[in-house]
Amino acid sequence: SKYKISGDLSDRLKRHMVAQDDSGICGFLQRERAFLEALPVALRTELSEQTHGDLLRHCEYFDMLAGSSALGFRQVCSTAIKSSVTLAQEACFNKGAQCKVMRFIEQGLYRYVTVQGLETIIHPDTPVSEAVLWTKWYYCGSLFACDDSV
């Protein structure tokens, strides 16, 4: 074969393919997205605010936005949030990578490892990186999923 990959990489690719199956966590998210896209925009927007609003309010900026502009906050909830899956033992981000998004843990447990090697378990409803708006920001540690997580 022209391309050679390690056994570890092969195993990780297989795990992702299985997760894409209808019965896996990725399959569930795909069905959920299809359902949401079929809803009328106003209903989908209100649902997004109710499901993501409390999580976003953990960040002071978004809490202030919710208090000053309900419409603006609703728009952020419905257009700026995207769920993504990280399979068990996979990295969500690595030390030194540029931070381009704000991340919150919705489901599952993650393990954060600092540059010094200290480890912390991160639970759902926890912000793990701030919104990057005006400057380049780089991760100072690595984040790994302990189990299949969103």
Side-chain angles (χ1 to χ4, degrees), residues 1-41 43-63 65-66 73-133 136-150:
S1 129
K2 182 178 176 182
Y3 303 103
K4 295 185 180 190
I5 61 172
S6 69
D8 176 59
L9 181 58
S10 175
D11 290 342
R12 289 169 51 205
L13 289 168
K14 286 177 190 174
R15 284 187 19 239
H16 279 275
M17 290 187 325
V18 168
Q20 295 295 328
D21 185 322
D22 276 350
S23 62
I25 193 166
C26 293
F28 170 77
L29 284 178
Q30 289 169 349
R31 289 190 309 277
E32 182 181 69
R33 284 186 191 122
F35 170 77
L36 292 173
E37 288 173 10
L39 294 175
V41 174
L43 183 58
R44 182 173 57 233
T45 302
E46 187 174 344
L47 178 63
S48 293
E49 179 185 14
Q50 288 190 21
T51 57
H52 296 113
D54 288 342
L55 186 62
L56 274 180
R57 283 188 188 93
H58 285 284
C59 175
E60 186 176 336
Y61 170 79
F62 292 114
D63 189 43
L65 178 62
F73 183 70
R74 184 173 278 184
Q75 282 300 107
V76 167
C77 289
S78 67
T79 60
I81 294 179
K82 177 184 156 196
S83 293
S84 63
V85 172
T86 307
L87 297 180
Q89 308 310 313
E90 290 291 320
C92 184
F93 59 77
N94 287 304
K95 172 185 68 95
Q98 186 174 354
C99 177
K100 296 182 178 182
V101 298
M102 184 173 195
R103 296 179 189 273
F104 291 91
I105 306 303
E106 278 185 85
Q107 172 186 333
L109 296 176
Y110 284 80
R111 180 174 50 92
Y112 182 74
V113 183
T114 67
V115 180
Q116 296 84 9
L118 301 173
E119 294 188 13
T120 302
I121 298 298
I122 308 294
H123 298 272
D125 295 335
T126 304
V128 291
S129 58
E130 292 292 330
V132 179
L133 302 174
K136 287 186 178 181
W137 193 261
Y138 297 90
Y139 293 112
C140 294
S142 299
L143 185 70
F144 301 93
C146 295
D147 50 15
D148 293 351
S149 304
V150 180

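We count residues from 1, following the sequence as given.
- The structure places CG of D148 at 10.0 Å from CD of Q89, a figure rounded to the nearest 0.5 Å.
- Between C140 and V115, the shortest heavy-atom distance links the atoms O-CG2, 2.6 Å.
- Taken to the nearest 0.5 Å, the OG1 atom of T51 stands 11.0 Å off from the CD atom of E46.
- In this structure, H52 NE2 and R57 CZ are separated by 12.5 Å, a value rounded to the nearest 0.5 Å.
- Taking the side chain to side chain contact (heavy atoms under 4.5 Å, CB included) definition, one finds that S142 meets it with N94, K95, F144, sequence neighbours left out.
- The side chain to side chain contact (heavy atoms under 4.5 Å, CB included) search around E119 returns R111, V113, not counting sequence neighbours.
- Taking CZ of F35 as the start and CZ of R44 as the end, the distance is 11.0 Å to the nearest 0.5 Å.
- Within the 4.5 Å cutoff, no side-chain heavy atoms of S149 are placed close to those of I105.
- Atom CG of L56 sits about 9.0 Å away from atom CG of L65, to the nearest 0.5 Å.
- Evaluation of the ring pair (Phe, Tyr, Trp, His ring centres under 6.0 Å) test over residues 94-118, restricted to residues two or more places apart or in two chains, returns none.
- Across every non-hydrogen atom of A145 and L87, the tightest pair is CB-O, 3.4 Å.
- Looking at heavy atoms from C-beta onward, P124 lies in side-chain contact with L109 at the 4.5 angstrom threshold.
- In terms of heavy atoms, S48 sits closest to S78 at CB-CA, 3.6 Å.
- The minimum heavy-atom distance between Y139 and Q98, with the atom names listed, is CE1-O, 3.9 Å.
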